[in-house]
Engineer: 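Starting off with a structure, shown below.
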Amino acid sequence: MAIHIGRRYCITLLGGAAATWPLAARAQQSAMPIVGFVEGRSAEATVRQAAAFRKGLNETGYVEGQNVMVDYHWPIW
């Protein structure tokens with residue numbers, strides 16, 4: 001049992017796939033790096049350290065929320 005696909009149908013199918021491929025590739029975004037900030041003291045006690053950490057990131061070209069995500073962790077007291 002052979003399946004025959006018409007020439008026009010085949011060309012339409014391939015043309016449609018070729019036309020949508022760049023759209024799918026453009027929709028993918030590069031993953032934003034995630035940096036962890038882990039401190040053993042409470043968030044209130046490490047305000048200056050967190051500010052210095054963000055300043056150091058900015059000095060090296062990273063802006064929180066734009067090209068890097070920062071995940072902050074403090075102990076739960």
Engineer: When you measure from the side chain of Asn67 to the backbone N and O of Gly61, does any donor-acceptor pair fall under 3.5 Å?
Structural biologist: yes
Engineer: Would you give the length of the straight line joining atom CZ of Arg54 to atom CD of Glu59, rounded to the nearest 0.5 angstrom?
Structural biologist: 13.5 Å
Engineer: If you define the side chain from C-beta out and look only at heavy atoms, does anything of Asn58 sit under 4.5 Å from Val63?
Structural biologist: yes
Engineer: Could you walk me through whether Gln49 and Arg41 pass the side-chain contact (heavy atoms from CB on, under 4.5 Å) test, one step at a time?
Structural biologist: CA-CA 11 Å; Gln49 286 81 4; Arg41 298 178 290 160; 3.2 Å; yes
Engineer: Identify whether Val68 and Ile34 are in the same connected component of the hydrophobic contact network (ILVMFWY, side-chain heavy atoms under 4.5 Å).
Structural biologist: no
Engineer: If every non-hydrogen atom of Pro75 is compared with every non-hydrogen atom of Gly40, which pair is closest and at what distance?
Structural biologist: CG-O, 3.1 Å
Engineer: Describe, in one word, how the ring planes of Phe53 and Tyr72 are oriented to each other, choosing from parallel (under 30°), tilted (30 to 60°) and perpendicular (over 60°).
Structural biologist: perpendicular
Engineer: Does Phe37 reach the side chain of Asp71, with side-chain heavy atoms less than 4.5 Å apart?
Structural biologist: no
Engineer: Only one of Leu57, Val70, Val35 forms a side-chain contact (heavy atoms from CB on, under 4.5 Å) with Glu64, so which one is it?
Structural biologist: Val70
Engineer: For Val47, what are the other residues in its hydrophobic cluster, where any two members join if their side-chain heavy atoms are less than 4.5 angstrom apart?
Structural biologist: none
